[in-house]
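Worksheet: the structure to be examined is printed underneath.
Residue numbers start at 1 and run along the sequence shown. Being a predicted model, the structure only gives us computed values, none of them experimental.
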Amino acid sequence: MATVLSRALKLPGKKSPDLGEYDPLTQADSDESEDDLVLNLQQKNGGVKNGKSALGDLPEPDSDADVAGAAKPHLSEVTPEGFPSEPLGGLEQKATSPLVSYVRTSVFLLTLVISMVLVLLCAFLIPCPPRDLHSTWSRRLGSQGGGDLSPLELADVNRDGLRDVLLTFVTTRNGTEGGVGSQPTADLVCLSGMNGSTLWSSPLPEEAQDVTCLDLIPGSVAKTICLVTGTRKMLSAFNATSGKVLWTLNPNHLSNGTLAAPVVVLPDLDEDGVRDLVVLAIGELQPDLCFLLVSGQTGSPVGRPVKYNIVGVGNLIGPQVYITASGAVYILFGFGNIQAVALRDIFVQAQNRDSSPPSLQIEEPEWEKHRSVNLSELIDVYSDGVELLQLVKVPDSNSSSLLITTRQGLVLLRGQDLTPHWKLNLQGLRSQPTPGYFTDDQTLDFLLQTQDGDGMKKMTVVDGGSGSIVWSYSIPCHMKETPTTSAITSDQRSVFLFWAEVLTAASLSSDDSSGAEPPGLYHLYLLHPAFPSILLDLSNTTGIVTASEVGINDIWKDAFYVTRTTGMSPEGHPTSLVVSKLSLRWALMEGQMVQLKETTPKIGRGELRRFLSRIKFVDSPYQI
C-alpha cells in the first residue's frame with residue numbers, strides 16, 4: 001500500500017527503477033526486505049565474507065514485486081564466494097562521467113564549427129562555374145564595307161566553359177595619302193560568348209574565306225589555334241586566347257596561284273608532334289592545281305608544291321581529307337566531279353624521295369581499284385554534276401560515308417567501297433544538307449531546302465538509312481539562301497532550325513504567300529521530330545542572315561544559336577553587321593506555336609511546354 005501511495009503522490013525519495021523517481025516510502029520497504037534477504041543469505045551460506053554477503057536465492061514468491069525490483073541495485077553489490085569484491089574505483093568513474101560528456105560535446109561542436117568554416121571557405125574561394133545569365137545578346141559591329149563571305153566559328157578561347165564567337169568582316173577606312181579614297185580592310189574579331197563583349201581583335205591583310213579553331217597537338221587542349229584562310233594568299237595561325245599571330249605562310253611559296261579553298265588539317269607528317277596542313281592553290285588557268293604541305297608548328301612548307309592538271313566543269317570540290325577504316329589517307333577534290341589522290345603520293349613528290357612515313361604506306365584495296373588508266377595517281381570517285389561534298393560519320397564505325405549533292409538530287413556513297421547506298425532525285429537543291437536525327441534508327445537524316453516556286457521554299461527531311469522523304473513542308477521565303485542548322489538532344493534526337501517569313505493561320509490555309517508583315521522580316525523556326533505537325537517561332541530579324549552556328553553549353557546542358565546578320569540599304573548595299581546569340585532552352589519556353597495541320601488527339605500548349613522543358617542539349621557525336 002505504501003508503494004502505491006508513494007507512486008501516486010510522486011514524493012521525493014528513492015529513485016524507482018520503473019518510474020525514474022525517488023520514493024521515500026518505497027525506500028523504507030526496500031530496506032526491510034533487504035534485511036530479510038541478508039538474513040536468509042547468512043543462513044544458507046554460513047555467514048559473510050569481507051563484510052558482504054554471498055549471492056543467495058531470489059526473494060520468496062510472496063514478496064512484493066516492487067520491493068524485489070527496488071532491491072536489485074543492492075544485489076549487484078553482493079559477490080559470491082571466491083570472487084573479488086567490486087573495487088571502489090567504480091564510484092570514481094561514475095563521478096567523472098559528467099566530465100566525459102562535456103568533452104564529447106565539446107569535440108562534436110568543434111568539429112561542426114570547423115566543417116562549417118571549410119564549407120564557407122570553399123564557397124567563397126572556389127569560383128562557381130559561370131552561368132549564362134544572358135540568354136540573348138546582340139552586338140552591332142559597325143558598317144560592313146563589302147565582302148561576299150561570312151566566316152563564323154565558335155570556340156572557348158578564354159577557358160570559361162562557354163564557347164566564344166570568332167568572325168571576320170570587311171570594313172571601310174578612309175585613306176589619307178595621295179588622294180586615295182576609302183580602302184577596304186579586314187578584321188578578325190573574337191566576341192565573348194557570355195555577353196558579346198570584344199575579347200580581342202586583329203587586323204587582316206585581306207578578306208578571309210574561312211576561320212577554323214582547333215588543337216593541332218593531338219590529345220592536348222592547352223593551346224587552341226585559329227587558322228585563317230584568305231581569299232588570295234593569306235594563311236595565318238592565331239593564338240585563340242590572345243589573338244596574336246603565331247605564324248604566317250610566305251605568299252611566295254604559292255608562286256602565281258591563289259588559295260582556292262580553306263586549309264585542311266592532316267596527320268603529323270614531319271614527326272614533330274603537331275598535325276600538319278595542306279592548301280590547294282589554283283592558277284589563272286583552271287588546269288593548274290597545286291597542293292602545298294605546310295607545317296602546323298612553324299607555317300613553313302613541308303617540301304615543294306605538287307601540281308596536277310585537272311580539267312572539269314562545275315564548282316570546285318574540296319579539298320577534304322578522307323581516312324578509311326584501315327587507316328589509308330586520301331585527299332578528295334575536283335571540278336564538278338570527285339577525284340582522290342593518296343596523301344602518300346603527294347608527300348613523296350613534295351619530298352622528292354621514294355619513301356614515306358609508315359602511317360602513309362597503308363592502302364585501301366577497294367579505292368585502288370578505281371584508279372584512272374591514264375592518270376595513275378588519281379582515283380575516280382564520282383563524276384556526275386557534283387555541286388557539294390560532305391563526309392558523314394558512320395555510327396559505331398571509324399569510317400565515313402560520302403554525301404554528294406548533284407544537280408539531279410542527292411547520293412550517299414559507302415566509304416569502304418565507293419558504291420551508292422541510295423539515290424534521291426530532287427530538283428532545285430543548291431544548299432548544303434543539314435545532318436541530324438529525325439527518325440529513331442540512330443542513323444543521320446538530312447534537312448534539305450529546295451526552291452518551290454516564286455518566293456517559296458520546300459523544307460524536306462530525308463531518311464539517312466533509305467533515302468526516302470519522311471517530312472516536307474512549303475514555306476514562304478524570298479531569301480535566296482538561308483542557313484539551316486541542327487542541335488542534338490540527350491535522347492539522341494535533333495531539333496532543326498531554319499528561317500522563313502511569317503507563318504500564320506491565314507497564310508497556311510491559303511496559297512497566297514504574302515502576309516501582313518513586310519517581306520523583309522524573317523522568323524527563326526524550330527522543328528522537333530516528336531511533333532512534326534508543329535513549328536516553334538523562336539525569333540525574328542529584319543536583316544539578311546548570312547551565317548549561323550549552334551554551340552553547346554556543357555555546364556547547363558543548353559544550346560545557343562549564333563547568327564550573323566547584315567542590313568541592306570535602299571540601294572541594295574550592305575550596311576551594319578550584327579552578331580546575335582539566342583539561348584535555345586529559353587527560346588523554347590518563350591516561342592510561339594505554329595500548327596501546320598490538325599492532329600488527333602490535338603496537341604495542347606501545356607503538353608508541348610512540359611515536353612520542351614525537359615529537353616537537354618549535348619555535343620554532337622557526328623562529324624561533317
Those residues that, when tested against Cys226, pass disulfide (SG to SG under 2.5 Å) (two or more places apart) | Cys213
For Leu227, which of Val263, Leu246, Asp210 qualifies under side-chain contact (heavy atoms from CB on, under 4.5 Å)?
-> Val263
Heavy-atom side-chain contact between Leu391 and Leu332 under 4.5 Å = yes
Under 3.5 Å side-chain donor-acceptor pair for Asp452 and Ser474 = yes
The salt bridge (charged side-chain N to carboxylate O under 4.0 Å, His left out) partners of Arg232 (sequence neighbours excluded) come to Glu206
Hey, mind stepping through Leu582 and Phe560 against side chain to side chain contact (heavy atoms under 4.5 Å, CB included) and telling me if it holds?
-> CA-CA 5 Å; Leu582 176 67; Phe560 57 91; over 6 Å; no
On a heavy-atom basis, the closest approach of Trp471 and Leu596 is CZ2-CD1, 4.0 Å
Asp215 and Thr224: side chain to side chain donor-acceptor pair (under 3.5 Å), yes or no, with the steps?
-> CA-CA 5 Å; Asp215 301 310; Thr224 302; 3.2 Å; yes
Nearest 0.5 Å please: distance from the OG atom of Ser431 over to the CG atom of Leu388.
-> 8.0 Å
Verify the neighbour count for atom NZ of Lys423: are there more than 12 heavy atoms of other residues, nucleotides or ligands below 6.0 Å?
-> no
Inter-residue atom distance Leu259.CG - Leu280.CG, 0.5 Å rounding | 8.5 Å
Heavy-atom side-chain proximity of Pro433 to Leu447 below 4.5 angstrom | no
Trp422 side chain to Gly464 backbone, donor-acceptor under 3.5 Å = yes
Residue pairs passing the salt bridge (charged side-chain N to carboxylate O under 4.0 Å, His left out) test with at least one member in residues 484-493, sequence neighbours excluded, are Asp440-Arg493
Pair Glu387-Asn315, side-chain donor/acceptor within less than 3.5 Å | yes
Between Met479 and Ile544, what is the shortest heavy-atom contact and its length?
-> SD-CG2, 3.9 Å
Measure up the Phe291 and Phe333 rings against each other and bin them: parallel (under 30°), tilted (30 to 60°), perpendicular (over 60°).
-> perpendicular
Please check if the side chain of Arg414 supplies one atom and the backbone of Pro420 the other of a donor-acceptor pair under 3.5 Å.
-> yes
Of all the heavy-atom pairs spanning Gly299 and Leu249, show the shortest one and how long it is.
-> O-CD1, 3.4 Å
Side chains of Leu235 and Trp247: does their closest heavy-atom pair fall under 4.5 Å?
-> yes
Ser138 and Ser580: side-chain donor and acceptor closer than 3.5 Å?
-> yes
Those residues at least two apart in sequence (or on a different chain) that pass ring-ring contact (aromatic ring centres under 6.0 Å, His included) with Tyr382 are none
Please step through side chain to side chain contact (heavy atoms under 4.5 Å, CB included) for the pair Val470 and Val462, ending with a clear verdict.
-> CA-CA 6 Å; Val470 294; Val462 178; over 6 Å; no
Do Pro476 and Met456 come close enough that some side-chain heavy atom pair is under 4.5 Å?
-> yes
Check each of Ile331, Ile338, Val264, Leu389 against Gln320 using the side-chain contact (heavy atoms from CB on, under 4.5 Å) test, and report the only one that passes.
-> Leu389
Check: Gly409 main-chain N/O paired with Thr406 side-chain donor or acceptor under 3.5 Å | yes
Minimum heavy-atom separation for Gly465 to Thr443, with atom names?
-> N-CG2, 3.9 Å
For Thr450 and Gln427, test the side chains for any donor-to-acceptor distance below 3.5 angstrom and give the result as yes or no.
-> no
Donor on one side chain, acceptor on other, His523 and Glu501, under 3.5 Å | no
Residue pair Val265 / Val278, side-chain heavy-atom distance below 4.5 Å | no
Whether Lys458 side chain and Ser472 backbone form a donor-acceptor pair below 3.5 Å = no
Determine, step by step, whether Leu214 and Arg275 satisfy the side chain to side chain contact (heavy atoms under 4.5 Å, CB included) criterion, reporting the C-alpha distance in whole Å, the side-chain angles of both residues, the deciding distance to 0.1 Å, and the verdict.
-> CA-CA 11 Å; Leu214 73 165; Arg275 289 185 287 181; 3.9 Å; yes
Enter the distance from Thr212:OG1 to Ile225:CD1 here, rounded to the nearest 0.5 Å.
-> 12.5 Å
Can you check whether Met234 reaches Val228 side chain to side chain, under 4.5 Å on heavy atoms?
-> yes
Partner residues of Tyr322 under the ring-ring contact (aromatic ring centres under 6.0 Å, His included) criterion, sequence neighbours left out = Trp367
Is the backbone N or O of Thr484 less than 3.5 Å from a side-chain atom of Thr434, with the two atoms forming a donor-acceptor pair by type?
-> yes
Please find out if less than 6.0 Å separates the ring center of Phe611 from that of His528.
-> yes
CD1-CG distance between Ile404 and Leu412, expressed to the nearest 0.5 angstrom | 8.5 Å
Is the backbone N or O of Phe335 less than 3.5 Å from a side-chain atom of Asn337, with the two atoms forming a donor-acceptor pair by type?
-> yes
Heavy atoms of Ala559 and Ile552 approach each other most closely as CB-CD1, 3.8 Å
Side-chain touch Tyr525/Asp537, heavy atoms, less than 4.5 angstrom = yes
Tyr561 and Thr485: CA distance, side-chain angles, deciding distance, side chain to side chain contact (heavy atoms under 4.5 Å, CB included) verdict | CA-CA 9 Å; Tyr561 184 74; Thr485 53; 3.2 Å; yes
Do side-chain atoms of Ser486 reach the backbone of Val495 as a donor and acceptor pair under 3.5 angstrom?
-> no
Would you say Arg564's side chain and Pro151's backbone share a donor-acceptor pair under 3.5 angstrom?
-> yes
Is a side-chain N or O of Asp445 found less than 3.5 angstrom from the main chain of Phe438, in a donor-acceptor match?
-> yes
Is the shortest heavy-atom distance from the side chain of Leu536 to the side chain of Val594 under 4.5 Å?
-> no
Might you point out which heavy atoms bring Pro529 and Ser494 nearest each other, and give the distance in Å?
-> CD-O, 2.9 Å
So, Gln449 side chain and Thr482 main chain: donor-acceptor pair closer than 3.5 Å or not?
-> yes
Geometric cation-pi criterion Lys557 and Phe617, 6.0 Å radius, 45° cone | no
Between Thr198 and Arg139, do the side chains contain an N or O donor and an N or O acceptor separated by less than 3.5 Å?
-> yes
Verify side chain to side chain donor-acceptor pair (under 3.5 Å) between Asp187 and Ser201, making sure each step is shown before the conclusion.
-> CA-CA 7 Å; Asp187 288 321; Ser201 177; 4.8 Å; no
Step by step, would you call Ser613 with Arg585 a side chain to side chain donor-acceptor pair (under 3.5 Å)?
-> CA-CA 8 Å; Ser613 64; Arg585 293 190 67 182; over 6 Å; no
For Arg163, check salt bridge (charged side-chain N to carboxylate O under 4.0 Å, His left out) against everything at least two apart and list the hits.
-> Asp619
